[in-house]
Structures are given as C-alpha cells and as structure tokens.
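What follows is a single structure, written as structure tokens, with notes after it.
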Amino acid sequence: MGEKNSSKVLTTGFGIPVGDDQNSLTAGNRGPVLMQDVHLLDKLSHFDHERIPERVVHAKGAGAGGYFEVTADVTKYTKAKFLSEIGKRTEVFVRFSTVGGEKGSADSARDPRGFAVKFYTEDGNYDLVGNNTPVFFIRDPLKFPDFIHTQKRNPATNCKDPDMFWDFLSLTPESIHQVTILFSDRGTPATYRNMNGYSSHTYKWYNEKGEYFWVQYHFKTDQGIKNLTLEEAEKIGGSDPDHATRDLYEAIKKGDYPSWTLEMQIMTPEQAEDYRFDIRDITKVWPHGDFPTMKIGKLVLNRNPTNYFAEVEQAAFSPANLVPGIGISPDKMLQGRVFSYHDTHIHRLGPNYNLIPVNAPKYSPENSYQRDGFMRVDANGGSGPNYWPNSFGGPSPDSVYLEPPFGVSGLAARTLYTHPNDDFVQAGNLYRDVMTDYDRENLVGNIVSHLSAAQKRIQLRQTALFFKADRDYGSRVAKGLELDIKEVERLANMTNEERARATER
Ligand code: HEM
C-alpha cells in the first residue's frame, strides 16, 4: 500500500521493530496479559484516541485536488495575484459536503451541499467556502446555532424532528427563498459533480488603484445540473448512502475530471447604493437580468486524496482566509463566519491546524511570530526572533498588502432588519418564472411529504409563507396537506408577530 512501510518490518509508533503482532504477551498460553506488553498497550491506546470531533455542521463530505485556471482579464477589478493573468493556474483542494447529517449520514439527504475551495496562492491560502445554493436561510449570525439545532436531532428522542425543523423555519420568514430551493429537486443533487457552487455572500474585490467592487461567485458545473427526485433520493439513501462520495472518487480515478466554469457578478459601490435588493442580505440573489455573469476561470479536479483522513477530514476552510485583492463585505452573516471557522478548527484540530499539510500554505512561506501550542510539529520558528518589532532581521509587515480604507457608519444597536423589498418576492419569482411545471409539481410534492409530519398549526404557519410568496404555490401545498385555504390566507395576511401568536401551542 503506502511508501512508509518500505523497510517491511512492522514497528511500534516509535519505530521499534515488532516480533509478533498476533499474540499478546501472557503468563502461560491462556493469559492473563502482562502489563509489560508495551506493544499491546501502545496499539490499544492509539486506537482509543483515533477519533477527532466531527465537524459541527458539514460532517459528511468528499474532497479532491486540482487546479484553477484564469480565462479572462479581471485585473481592473482585483489585484489578487492568482487572478493576475489569463492562463495562470493555481493548485486547489475542494471539499463537498451535506450540512445537517453526521459523518455517516447519506449523501442523498435533502440538504444544501457545501462547496469549499482552497486556493494555494503565492500570497497564502484563499478559501472560498460556499454552498450549492446562491442564498441562505437566515441573514443574521446570531440565529445560526438555533437554526442548526433544528436541522439536527431532537434533544429528547435523538431523532430528526419535523416539528423543530418547520417550527423554526415558519417563524423565520426570511428563509422562504432558500426553503423553496431546498425543497425543489435541487435539494437532492444527483452527485457532487452535477451541481453548481456559489459564494452566496457578496464579497469585495479591490484593484491596484484601491478601487473596490462587490462580487458574487458562481461555479457552474460543466457536467450539467442533475438532480434526484424524492423517490430516487430515498432509494439511493437506503441502498448506497455514500453514492456521491464514490462517484467523485471513481470519476477522477478513471480520468473523467469534473470541472466548473467560474462566472462572476460584479457591481460598483454606486450601483449597490440604490439597488433594489440589499447586497448584504444573503437571502437574496442579484437577478442575472440586472447583473449578467462574466466567465473568468475554470476549476478542474484531477487528483484523488491518497488518504481520506489526512486530506479531507483534516481540511479546514475559513471565510477569513482572504488574500490581498479580496475582502469581506458588510454582510453580517459573513462577519459572523469569519470568527466561527477558525474557532471551530481549534476545537476540532488544535491551535496549530494551519500546519497540517492540507491546510499549510504551499507557495508562500509561513513567516509569522506565532509559536508553540499543542502539536507544533515543525521547527517552531527555530532560533529566529519570536516578537515584532525586532532588529534581528525577522519578517516585517508591508503596507502594500493593506486593504484600502473603507467607510462604516450607523448607530450601534440591535435593530430589526428592514429593507424596502420584502422576503417573498424572489421566492415567488423563482416559483413562477424560473421553475417548469415539472419542477413545481415536484416542489409541492417534496414539501407535502416532509411538512405533513409536523403539527397542524406549524403546517398552517409555514403554508401561509408559501402563500405569501405565490398564491398558487401556497394553495397547492395547502391542498396537499388538506389545510383550510381560508385559514392559510388569513394567516398570510397577518404580520409575522401576529401569525406567530395565532399559531402558538
Ligand atoms: C453565521 C453563519 C454560519 C456559521 C456560524 C457557520 C459555521 C460553520 C462551522 C462551525 C463549520 C464547521 C467547520 C469545520 O469544522 O471544519 C462550517 C462548515 C461549513 N460551512 Fe458554515 N457557517 C455559517 C454559514 C454558512 C454559509 C452561509 C455557507 C455557504 C455560503 C457555509 C458553508 C460552509 C461549508 C461549505 C462548510 C464545510 C467546509 C468543509 O468542507 O470543511 N456556512 N460552518
């Protein structure tokens, strides 16, 4: 198998040759075992400590290596070096995932899919940690832990719970756009190769002159979008729960390398100011009619990991890993995310997780004054200075890498989010204008099949939201659930607070 055992003599973890790996050291041929069987103790102890915490979300996933190639000149928008010329290639590592399930859960689950890309650039690692959906359920990071709790298991039964799932979503009307995508067949992609990836958030690009732009990333699959129907997903979930993981591995193994075309939406700050949708609101898209996409590159996956744990399980992505030329936007969800990933990686992998080969920069030296900590397994900065400023020739900051200054304003307060457009218009447009009759039929069927397991009052509250997005949409769900359509309409006409009160237990 591996190169490591090339000497062919089995050793302990400390390299000491082992004479017998089948029979413990015992007193007499039937035991008991002697405490001095250090090989047995070492082997059992290492096994006892094999598991690390799984990711709190996105625990089940598959990964692969490859490259990103630039196909258009974007230097007037960004000074990011890896995007600096047509034809330039950058090594990447990509991990796809489901969100709510555990590490052993089925790849076919109805769930958004994670689409995380690590670019190993000459200015350090840039992570774009997106999903296969252009929007999200919530727009405030304060809601994220509660939202995720409802997608996981009931604290008493330890089972998935449709009441929790729909209770939270129906009390969180801004989720309607993402819920509509999730319950379409796009909620169950056929494979990881057959789905798009999106930044979902708005990010900032800035150029050499210090001018900045708001951007959204769209990785469009070159394999074509393919989804599973509810029946297909349920069948595969039972018979082959790792189908998407295997599909990715097998395709790359046989040289059928999957690829995605990166298309960008780009907006000037002036255009953003009076734009009809809030560019900081991750529950909204920028309709392509307003901002057409521009093709700028190609992402190709052509290398399977040789060891899953080493590369995929230990991969640690973070929206905080940005390179000069790319910044975050004032989207408060994104602000929350730039804290959360580093924090969770320390819990999952330890404070030196940045030195694990899949996470370490490959094409720029790590020149920091960070030292020590658990599992600092490299030279730890050797004898060089461990503080700044110093006059011993240590690395120094260079202002050329600073992000240009940007303005922020406003009164600090915990205020209810308001914006002239409402949360239902884009979900309604998606239902009416983008979906086909077949899509709408499956959407309603998928919702009815899931929502029917929740309490009646929750069904009513959620169906009122579908109704607010589109009358036909809400009416068809109501019919499928055998709800009183008059009651649904009455709830739809209430404010969110009134609706919540009217449907309390
Ligand atoms: C405030 C909102 C959010 C918070 C606090 C949050 C937090 C987290 C955490 C703690 C992890 C586990 C990371 C690990 O253990 O390696 C994670 C994984 C992930 N999140 Fe989020 N998340 C948020 C929103 C989002 C959004 C909006 C997206 C997509 C646009 C997203 C995409 C991902 C992906 C793709 C992964 C898996 C990365 C991998 O493959 O290792 N998350 N998130």
How would you list, by chain and number, every residue that makes a side-chain hydrogen bond (donor to acceptor under 3.5 Å, both in side chains) with N352, sequence neighbours excluded?
none
Tell me, please, which residues at least two apart from H345 pass ring pair (Phe, Tyr, Trp, His ring centres under 6.0 Å).
Y353
Any residue meeting salt bridge (Lys or Arg N to Asp or Glu O under 4.0 Å) with D222, in chain and number order, not counting sequence neighbours:
K298
Could I get the full list of ring pair (Phe, Tyr, Trp, His ring centres under 6.0 Å) partners for F424, not counting sequence neighbours?
none
Any ring pair (Phe, Tyr, Trp, His ring centres under 6.0 Å) involving residues 426-445? Give me the pairs, sequence neighbours left out, ordered by first then second residue.
Y431-Y473
With sequence neighbours left out, the residues meeting side-chain hydrogen bond (donor to acceptor under 3.5 Å, both in side chains) with T202 are Q216
Residue set satisfying side chain to side chain contact (heavy atoms under 4.5 Å, CB included) with A244, at least two apart, ordered chain then number -> D107, Y192
Once side chain to side chain contact (heavy atoms under 4.5 Å, CB included) is applied, do any residues pair with F339, and if so which ones, sequence neighbours excluded?
D343
Mind checking ring pair (Phe, Tyr, Trp, His ring centres under 6.0 Å) for F277 and listing every partner two or more places apart, or none if nothing turns up?
Y275
Qualifying residues under side chain to side chain contact (heavy atoms under 4.5 Å, CB included), relative to T495, sequence neighbours excluded:
E497, E498
Ring pair (Phe, Tyr, Trp, His ring centres under 6.0 Å) pairs touching residues 302-338, sequence neighbours excluded, are none
Who passes side-chain hydrogen bond (donor to acceptor under 3.5 Å, both in side chains) against E263, sequence neighbours left out?
K220, T293
